[in-house]
Student: 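Here it is, the structure in full.
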Amino acid sequence: MIAGLGLSACSSIDCPLNNRTYASFKLAGDVTKLVDTLTVSTTRNIDNPEEDTVLINRLVDTDSLSLPMSYQRTEDIYIFTFVQKDTELKTIDTLWVSKENEPHFESVDCNPVMFHTIKDVRFTQRAIDDIKVNYNKVTYNDAKAHFLIYLKNRGN
């Protein structure tokens, strides 16, 4: 009878299923839906910017996107490549997101997690008109967009 009580006293550990942190971008301003094709890549190695990896390939017909943030870098680099639907004209913008990395502890049994505080964003302005930091805390269960992205009208 005592052995039965010992087995029922065990508890389960509730680790979050999605413990990866993503920065979310929402289109704002005059252009609120992406008509052109967007591919997003990042540099794989900070010392060799020619080596990149594609994060999102040929996204279209959306109003938002989410991009993973690095665990160790204090600045993430995202390369946005826009291809106009009707003319195939390619426009490339680069974003530099400065952030502070903050280790987050759930339990010794859970995978490590890194939260971030966004400090600043810089960007080129070929297709992008402006980017505003809307919410600077990046965790794995954020409901708000971290960045509001304002695209230029094609005629500009």
Side-chain angles (χ1 to χ4, degrees), residues 14-106 110-156:
D14 293 327
C15 295
L17 294 176
N18 180 15
N19 65 352
R20 185 86 176 140
T21 53
Y22 290 86
S24 59
F25 295 79
K26 177 108 172 111
L27 293 178
D30 294 338
V31 181
T32 57
K33 191 165 192 178
L34 189 62
V35 176
D36 299 328
T37 304
L38 172 63
T39 297
V40 182
S41 57
T42 188
T43 55
R44 212 179 270 234
N45 182 344
I46 201 77
D47 296 325
N48 188 0
E50 298 302 315
E51 290 183 28
D52 65 357
T53 187
V54 173
L55 300 173
I56 295 177
N57 193 23
R58 298 181 184 167
L59 182 66
V60 70
D61 197 33
T62 189
D63 66 346
S64 59
L65 61 132
S66 296
L67 300 173
M69 299 191 90
S70 66
Y71 274 28
Q72 295 179 339
R73 294 182 186 173
T74 56
E75 184 174 69
D76 287 340
I77 301 169
Y78 302 108
I79 299 128
F80 282 48
T81 303
F82 298 92
V83 178
Q84 284 188 9
K85 183 178 176 181
D86 51 357
T87 65
E88 297 294 318
L89 177 69
K90 186 187 289 187
T91 309
I92 300 172
D93 274 311
T94 304
L95 284 66
W96 295 268
V97 176
S98 300
K99 62 189 175 58
E100 188 176 294
N101 301 317
E102 303 159 2
H104 177 73
F105 179 76
E106 289 282 332
C110 297
N111 288 331
V113 179
M114 191 68 73
F115 288 173
H116 312 280
T117 300
I118 298 166
K119 297 295 184 187
D120 190 32
V121 61
R122 298 178 295 118
F123 51 93
T124 58
Q125 293 183 291
R126 293 174 186 96
I128 297 172
D129 190 34
D130 197 10
I131 298 177
K132 304 241 187 265
V133 177
N134 185 49
Y135 184 63
N136 73 336
K137 297 289 186 188
V138 182
T139 68
Y140 50 66
N141 54 354
D142 297 327
K144 289 191 223 178
H146 301 105
F147 298 96
L148 298 177
I149 201 165
Y150 298 83
L151 296 178
K152 292 180 180 180
N153 286 325
R154 282 196 202 173
N156 294 351

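The shown structure was predicted, so the numbers you read here are calculated from the model rather than taken from an experiment.
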Student: Using ring pair (Phe, Tyr, Trp, His ring centres under 6.0 Å), reason through Tyr135 and Phe147 one step at a time and then give a plain yes or no.
Tutor: CA-CA 7 Å; Tyr135 184 63; Phe147 298 96; over 10 Å; no
Student: Minimum heavy-atom separation for Val138 and Tyr22, please, with both atom names.
Tutor: CG1-O, 3.5 Å
Student: Just by distance, do the side chain of Thr124 and the backbone of Thr94 share a donor-acceptor pair under 3.5 Å?
Tutor: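 It does hold such a pair.
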Student: Is Asp142 salt-bridged to Lys137, cutoff N-O under 4.0 Å?
Tutor: no
Student: Any chance CG of Asp30 has more than 12 other-residue heavy atoms, nucleotides or ligands included, within less than 6.0 Å?
Tutor: no
Student: We want to know whether Asp76 and Ser70 form a side-chain donor-acceptor pair, criterion being a heavy-atom distance below 3.5 angstrom.
Tutor: yes
Student: Compare every heavy atom of Ala127 with every heavy atom of Phe82, then report the nearest pair and how far apart it is.
Tutor: CD1-CB, 3.5 Å
Student: If you measure from the Lys or Arg side-chain nitrogens to the Asp or Glu carboxylate oxygens, is any gap between Glu75 and Lys99 under 4.0 Å?
Tutor: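 No, no charged N to carboxylate O under 4.0 Å.
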Student: Specify the closest pair of heavy atoms between Ser24 and Ala145, including all atoms of both residues, with the distance to one decimal.
Tutor: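 In terms of heavy atoms, the two residues are closest at OG-CA, 3.2 Å.
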Student: Assess the side chains of Thr74 and Glu100: does a donor N or O sit below 3.5 Å from an acceptor N or O?
Tutor: no
Student: Can you check whether Asp93's main-chain N or O pairs, donor with acceptor, with Arg126's side chain at less than 3.5 Å?
Tutor: no
Student: Specify the closest pair of heavy atoms between Asp61 and Lys33, including all atoms of both residues, with the distance to one decimal.
Tutor: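 Heavy atoms of Asp61 and Lys33 come nearest at OD1-CE, 2.8 Å.
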Student: Shortest non-hydrogen contact from Thr21 to Met114?
Tutor: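 Heavy atoms only, the tightest pair is CG2-O, 3.1 Å.
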Student: Does Lys132 pair with Asp130 as a salt bridge, N-O distance under 4.0 Å?
Tutor: yes
Student: Of all the heavy-atom pairs spanning Val133 and Val121, show the shortest one and how long it is.
Tutor: CG2-CG1, 4.0 Å
